[in-house]
S.K.: 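The structure follows.
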Amino acid sequence: MKEVQYGDIVLKVAELCKEANTNLGEDVLEAFRLALRKEESDTGRDVLNDLILNAEIARNEQVPMCQDTGMAVFIIELGQDCRIVGGSLNDAVNEGVRRGYGEGYLRNSIVGHPLTRKNTGDNTPAVIHLELVAGDGLKIHMTAKGAGSENMSRLQMLKPSDGLDGVKRFILETVKAAGPNACPPMVVGVGIGGSFERCAYLAKKSLFRPLGERHPQPEIAKLEEEMIEEINRLGIGPQGMGGRTTALDIKVETAACHIASLPVAVNINCHASRHKEAVL
Amino acid sequence: MAIRITAPLSEETIASLKSGDRVLISGTVYTARDAAHKRMTEQLEQGRELPFDIRNQVIYYVGPTPAKQGMVIGSAGPTTSGRMDKYAPKLMELGLKGMIGKGYRNADVREAIVRHKAVYFAAIGGSGALLSRTVKSVELVAYEDLGPEAIRKLAIEDFPAVVINDIHGNDLYESGVQNYRIQSDSDSAH
């Protein structure tokens, strides 16, 4: 059985938090450059150029690209033959978030209770999803999820008779309603199937996939390609001011579901699609 | 080509601005978001004065990240304006002339913008590192306990923004999208 030290997890998580907020992924930058070639709106082109410049400043000066440095959300793949030594995995992740957000001068955006709303002061607790997998590995996926786009996300329990058309309609309606609020060009994460809560999780999980990459299953890849076209016909454009680039990409994940159900979740991400991963 | 304007805003400046104009704002603006707006509204309800003279001023909806050593401010881009919709008409009634944020405003706010001759600007959401460079000084005004949500007075220079709602009732979020929308075959089926 492999052993991983509590302290090593803390250090790695802190690094991921800082890295995610200051160093925009090459996949996102490439998506900006591609969009710039297609964008017809002058204001839209200005926005895309400013976003590329903003990412450069953030990386060079090690400052957050956006002031909403997000809620820290983790998907952790823990091998069943891997043992955490020196403390609990949850504690290690939260300690890492506390350190990373402090050392990185990141904004503390978490309130401890949704109704009394007092800021916890260290951006904890993180949202941690654990997936138990075969082997002895420990893989940590992290995203810093901003609220502007998160707030525009939706889930609906469709009827099986609504079918693929119903799913497509719901995705388009959600993107349309999100408009400028979600800081477009956005990334659209879609979950189809599962139970109520698994569907939402699938939508979130899809956002961890790199931009520009299609789903390995051909029929899902086809749906992604069709929907990115449809979304970019809406005219919302960069920052919702009109243009061709409403979404940089769309990701779809599916799961088995009940004979009576067709759940669909759309988790919207802003253009600052901040996802990082590490293996311990 | 961007138009250079100064904040606080004069009547002439506001009257000259049109939805879709790109502007560079210099002068002073006040920061406030959800918690500060809630507190300001409570103070007014108690018959107390606002913590600053709001007449002709511009409020920037922002909650910056902490400033690193040697820097004036941290990352400082706009937050979603719709969360301030509940409070904005009252502030315009008291003389607020400009708001900088991002995203849709509701019908009450759009109507108040026309009635009180004010203007709503959007800055690029998620360009906080770039926008922070236009902030030259920061002074705490009120509600320090709110941390990033406190009211601060910012001196800005050539802060880039776009006019979304003007005094004529135009809305770039409607007109801009109409200009670029492509009707799909599936639209008629819906």
Side-chain angles (χ1 to χ4, degrees), chain A residues 21-22 40-44 46-47 50-51 53-59 61-69 104-109 117 119 121 146-148 151-152 165 168-169 172 179-184 229-230 232-244 246 270-272, chain B residues 1-2 19-22 34-35 38 62-69 71 73-83 101-104 122-133 145-149 160 162 164 172-184 186-187 189-190:
Chain A
N21 275 294
T22 53
E40 294 164 22
S41 149
D42 285 346
T43 305
D46 276 2
V47 170
D50 274 357
L51 292 179
L53 181 60
N54 184 64
E56 274 171 27
I57 296 171
R59 190 177 53 240
E61 297 180 10
Q62 288 294 292
V63 295
M65 61 196 82
C66 177
Q67 76 291 334
D68 185 350
T69 51
Y105 291 85
L106 308 180
R107 196 181 75 184
N108 296 320
S109 311
R117 306 199 72 81
N119 198 307
N151 286 347
M152 305 316 287
D165 278 351
K168 289 180 177 175
R169 193 153 49 227
L172 284 177
N181 291 30
C183 282
E229 290 256 322
E230 286 281 322
N232 285 332
R233 291 161 83 97
L234 292 174
I236 294 168
Q239 294 296 304
M241 297 170 185
R244 296 277 165 250
T246 298
C270 56
H271 56 74
Chain B
M1 196 56 195
S19 179
D21 283 349
R22 280 176 268 176
D34 315 44
K38 185 164 184 273
V62 60
T65 59
K68 274 184 168 178
Q69 270 195 334
M71 294 181 92
I73 197 167
S75 192
T79 193
T80 311
S81 309
R83 296 196 315 273
K102 54 116 177 160
Y104 298 123
I124 300 178
S127 68
L130 180 65
L131 291 171
S132 69
R133 288 186 161 185
D145 60 301
L146 295 180
E149 297 208 57
V162 177
I164 302 294
L172 182 65
Y173 289 144
E174 280 175 16
S175 58
V177 173
Q178 272 161 17
N179 288 342
Y180 289 94
R181 183 157 190 269
I182 301 169
Q183 290 283 337
S184 295
S186 54
D187 280 353
H190 297 167

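Throughout, a chain's letter reflects where its sequence line sits, starting with A, and its residues are numbered from 1. A quick note: this is a predicted structure, and the numbers were derived from the prediction, not measured.
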S.K.: Specify which of Ala55(A), Gly243(A), Ala272(A), Cys270(A) makes the most heavy-atom pairs with chain B at under 4.5 Å.
M.R.: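 Highest number of pairs under 4.5 Å: Gly243(A).
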S.K.: With respect to chain B, which residue among Thr69(A), Leu53(A), Asp68(A), Thr43(A) yields the maximal number of heavy-atom pairs within a distance under 4.5 Å?
M.R.: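 Ranked by heavy-atom pairs under 4.5 Å with chain B, first place is Thr43(A).
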S.K.: Is there a side-chain contact between Arg22(B) and Asp42(A) in this structure, where contact means two heavy atoms from C-beta onward sitting under 4.5 Å apart?
M.R.: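 Sidechains of Asp42(A) and Arg22(B): in contact.
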S.K.: Checking Leu106(A) against chain B: side chain, backbone, both or neither under 4.5 Å from a heavy atom?
M.R.: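 Backbone of Leu106(A) only, per the 4.5 Å heavy-atom cut-off to chain B.
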S.K.: Once rounded to the nearest 0.5 Å, what's the spacing between atom CD of Gln239(A) and atom CG of Leu172(B)?
M.R.: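 These two atoms lie 11.0 Å from each other.
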S.K.: Please state whether the side chain, the backbone, both or neither of Leu146(B) comes within less than 4.5 Å of a heavy atom of chain A.
M.R.: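 Neither part; nothing is under 4.5 Å.
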S.K.: Side chain, backbone, both or neither: which part of Ala2(B) has a non-hydrogen atom closer than 4.5 Å to chain A?
M.R.: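 Ala2(B) has no heavy atom closer than 4.5 Å to chain A.
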S.K.: One pair to check against side-chain contact (heavy atoms from CB on, under 4.5 Å): Arg117(A) and Lys38(B). What are the steps and the verdict?
M.R.: CA-CA 13 Å; Arg117(A) 306 199 72 81; Lys38(B) 185 164 184 273; over 6 Å; no
S.K.: CD1/Ile124(B) to SG/Cys66(A) distance, rounded to the nearest 0.5 angstrom?
M.R.: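 Here the interatomic distance stands at 12.0 Å.
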S.K.: Could you check which of Ala122(B), Ser132(B), Gly103(B), Pro160(B) has the highest count of heavy-atom pairs closer than 4.5 Å to chain A?
M.R.: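 Winner by heavy-atom pair count: Gly103(B).
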S.K.: Minimum heavy-atom separation for Met241(A) and Tyr173(B), please, with both atom names.
M.R.: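 It is CG-CE2, 4.4 Å.
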S.K.: Answer with side chain, backbone, both or neither: which region of Ser127(B) has an atom nearer than 4.5 Å to a non-hydrogen atom of chain A?
M.R.: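 Both parts, heavy atoms under 4.5 Å.
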S.K.: Pick whichever of Ser41(A), Ala58(A), Gly179(A) has the most heavy-atom pairs under 4.5 Å with chain B.
M.R.: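 Between Ser41(A), Ala58(A), Gly179(A), the count favours Ser41(A).
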S.K.: Please flag which part of Ala35(B) lies under 4.5 Å from any non-hydrogen atom of chain A: side chain, backbone, both or neither.
M.R.: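 Neither part.
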S.K.: On a heavy-atom basis, which atom in Tyr105(A) and which in Gln69(B) lie closest, and how many Å separate them?
M.R.: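 Minimum heavy-atom separation between Tyr105(A) and Gln69(B): OH-N, 4.4 Å.
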S.K.: At a heavy-atom separation under 4.5 Å, does Pro148(B) approach chain A through its side chain, its backbone, both, or neither?
M.R.: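 Contact with chain A is through the side chain of Pro148(B) alone.
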S.K.: Name the member of Pro66(B), Ala67(B), Ser81(B) that forms the most heavy-atom pairs with chain A at distances under 4.5 Å.
M.R.: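 Between Pro66(B), Ala67(B), Ser81(B), the count favours Pro66(B).
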S.K.: Verify, without hydrogens or angle tests, whether Lys102(B) (side chain) and Gly148(A) (backbone) share a donor-acceptor contact under 3.5 angstrom.
M.R.: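 A pair under 3.5 Å: no.
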S.K.: Please flag which part of Asp50(A) lies under 4.5 Å from any non-hydrogen atom of chain B: side chain, backbone, both or neither.
M.R.: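 Both parts, backbone and side chain.
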S.K.: Would you mind checking which part of Asn232(A) comes under 4.5 Å of any heavy atom in chain B, side chain (CB onward), backbone (N, CA, C, O), both or neither?
M.R.: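 When you check distances to chain B, no heavy atom of Asn232(A) falls under 4.5 Å.
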S.K.: Nearest 0.5 Å please: distance from the OG atom of Ser75(B) over to the CD1 atom of Ile57(A).
M.R.: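 Taking OG in Ser75(B) and CD1 in Ile57(A), the distance rounds to 10.0 Å.
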S.K.: Heavy-atom pairs under 4.5 Å with chain A are the metric here; pick the option from Ala76(B), Pro64(B), Gly63(B) that has the most.
M.R.: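 Of the candidates given, the most pairs with chain A belong to Gly63(B).
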S.K.: Mind ranking Lys168(A), Gln62(A), Glu229(A) by heavy-atom pairs under 4.5 Å with chain B and telling me who comes out on top?
M.R.: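 Between Lys168(A), Gln62(A), Glu229(A), the count favours Gln62(A).
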S.K.: State, to 0.1 Å, how close Lys68(B) and Glu61(A) come at their nearest heavy-atom pair, and which atoms those are.
M.R.: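 The answer is NZ-O, 3.2 Å.
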S.K.: For each of Cys183(A), Gly240(A), Pro180(A), tally heavy-atom pairs with chain B at distances under 4.5 Å, and name the one with the top tally.
M.R.: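 So the answer, after comparing Cys183(A), Gly240(A), Pro180(A), is Pro180(A).
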S.K.: Contact between Thr65(B) and Val63(A) at the side-chain level, heavy atoms closer than 4.5 Å - yes or no?
M.R.: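 They are not in side-chain contact.
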